[in-house]
Amino acid sequence: MFSLLSGCFEFLLRKEELKVLIIGLDRAGKTTLLERLKTLYTDVPGLEADKVLPTVGLNLAHFEALGAPLLCWDVGGAAGLRGIWSKYYAECHALVFCVDAADGGRLDEAKAALDRALGDRDLYGAPLLVLCNKHDCEGAASPAEVAEALGIGKLADAGRATSVQAITAKTGEGVKPAVQWLVEHIKKSQRPELIRRRMLGT
Ligand SMILES: Nc1nc2c(ncn2[C@@H]2O[C@H](COP(=O)(O)OP(=O)(O)OP(=O)(O)O)[C@@H](O)[C@H]2O)c(=O)[nH]1
Ligand SMILES: [Mg+2]
């Protein structure tokens, strides 16, 4: 009986997890980023970049940052797997779109994939963080160049909280500021309330 009651209390007091969906083309570095998040924010280090394999399903990481519990989903980005992304749209509090900034030849393909995702009503109001990964590579596109190629200005004009930041998932450079932006903007957005209402059917 005691354990049942304490379990109920624990459930009631538990802070809501902020759910972040990480998408982007294959080889953008999503899983490397997820593993880096584990290393930076948990006691169990994630895999090093050279041990990461292409994702065929889903990877996830639970961790706490800035006093908030986070759950990150990383979904495979190969062309045949992108249809799975939408299964997670309705539940996520924010969207991370990871770009290989060192591969300028795929920015048009990345724009098409991002446009398709943002056209889905289930992502209404979700803050968008575009991460220009592989900033360690010579000639990597800057956040301003990636923002221009992806047409990010229009999204911000339309009222969606949006940021474009450079990271190096391999070393962790830029990852903590990215997480800080996510936590702050999820808390500021109406997205948690929207998801709660949708779940309650009100
Ligand atoms: N130089 C450099 N390479 C990186 C970085 N992040 C990832 N990579 C490399 O990019 C390749 C792809 O990384 P993944 O993390 O598997 O990419 P992904 O987006 O998860 O790919 P899918 O699972 O196929 O969707 C790997 O060879 C990584 O080592 C980075 O910050 N710098
Ligand atoms: Mg992957």
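When a ligand or atom number is given, it counts from 1 through the structure's own listing order. The chain is numbered in sequence order, starting from 1.
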Heavy-atom closest contact (Phe97 atom, Ala110 atom, distance): CZ-O, 3.4 Å
What atoms of ligand 1 come within less than 4.0 Å of a heavy atom belonging to Leu25? 19 (O)
With a 6.0 Å cut-off (strictly less than), is the heavy-atom count around CD of Gln190, excluding the residue itself, greater than 12? no
Test side chain to side chain contact (heavy atoms under 4.5 Å, CB included) applied to Glu91 and Trp73, step by step: CA-CA 11 Å; Glu91 265 192 83; Trp73 291 306; 3.9 Å; yes
Would Glu173 and Thr171 satisfy side-chain hydrogen bond (donor to acceptor under 3.5 Å, both in side chains), going step by step from the backbone distance to the final call? CA-CA 6 Å; Glu173 192 195 328; Thr171 61; 4.6 Å; no
Heavy-atom distance to atom 15 (O) of ligand 1: which of Val75, Thr32, Asn133 wins? Thr32
Does an N or O from Asp136, backbone or side chain, lie closer than 3.5 Å to an N or O of ligand 1? yes
For Asp26, the ligand 1 atoms whose distance to one of its heavy atoms is below 4.0 Å: 21 (O), 22 (P), 24 (O), 25 (O)
Distance to 0.1 Å, residue and atom name: give those for the protein heavy atom nearest to atom 17 (O) of ligand 1. Gly29 N, 3.1 Å
Can you confirm, on distance only, whether ligand 1 has an N/O atom lying under 3.5 Å from any N/O atom belonging to Gly24? no
Considering only heavy atoms, does Cys137 approach ligand 1 within less than 4.0 Å through its side chain, its backbone, both, or neither? side chain
Got the closest protein heavy atom to atom 19 (O) of ligand 1, with its distance? Lys30 NZ, 2.7 Å
Non-hydrogen atoms of Ala161 and His185 that approach each other most closely: CB-CD2, 4.0 Å
Only residue of Lys188, Gln180, Lys187 satisfying side-chain hydrogen bond (donor to acceptor under 3.5 Å, both in side chains) with Glu184 is Gln180
Purely on distance, is any nitrogen or oxygen of Leu53 under 3.5 Å from one on ligand 1? no
Is the number of heavy atoms from other residues, nucleotides or ligands under 6.0 Å of Arg160 CZ greater than 12? yes
Kindly say whether Ala28 contributes a backbone atom to a donor-acceptor pair with the side chain of Asn133 at under 3.5 angstrom? yes
Applying side chain to side chain contact (heavy atoms under 4.5 Å, CB included), run through Ile22 and Val75 and close with a yes or a no. CA-CA 7 Å; Ile22 306 173; Val75 200; over 6 Å; no
Got a sec, which residues hit salt bridge (charged side-chain N to carboxylate O under 4.0 Å, His left out) with Lys170, two or more places apart in sequence or on another chain? none
Can you tell me if Glu148 uses its side chain to pair, donor with acceptor, with the backbone of Glu145 under 3.5 Å? no
Atom indices of ligand 1, in the order listed, that fall short of 4.0 Å to a heavy atom of Gly76: 25 (O)
Please find the pair of heavy atoms, one from Glu17 and one from His62, that lie closest to each other, and give the distance. OE2-ND1, 2.6 Å
Everything protein-side that's N, O or S and under 2.8 Å from the Mg ion (ligand 2): list it, residue and atom. Thr31 OG1, Thr55 OG1
Any nitrogen or oxygen of Val52 lying under 3.5 Å from a nitrogen or oxygen in ligand 1? Just yes or no. no
Going by distance only, is there an N or O of Ala169 that falls short of 3.5 Å from an N or O of ligand 1? yes
Cation-pi between Lys176 and Tyr41: NZ/CZ under 6.0 Å from ring centre and within 45° of the ring axis? yes
Ignoring hydrogens, what is the shortest heavy-atom contact between Cys98 and Lys30? Give both atom names and the distance. CB-CG, 3.8 Å
Tell me: protein heavy atom nearest atom 23 (O) of ligand 1, and distance? Thr55 N, 2.8 Å
Among all protein heavy atoms in this structure, tell me which lies nearest to atom 29 (O) of ligand 1, with the distance rounded to 0.1 Å. Ala49 O, 3.6 Å
Would you say Arg27 and ligand 1 have an N/O pair spaced under 3.5 Å apart? yes
Option set Glu35, Lys134, Lys170, criterion heavy-atom distance to atom 8 (N) of ligand 1, minimum: Lys134
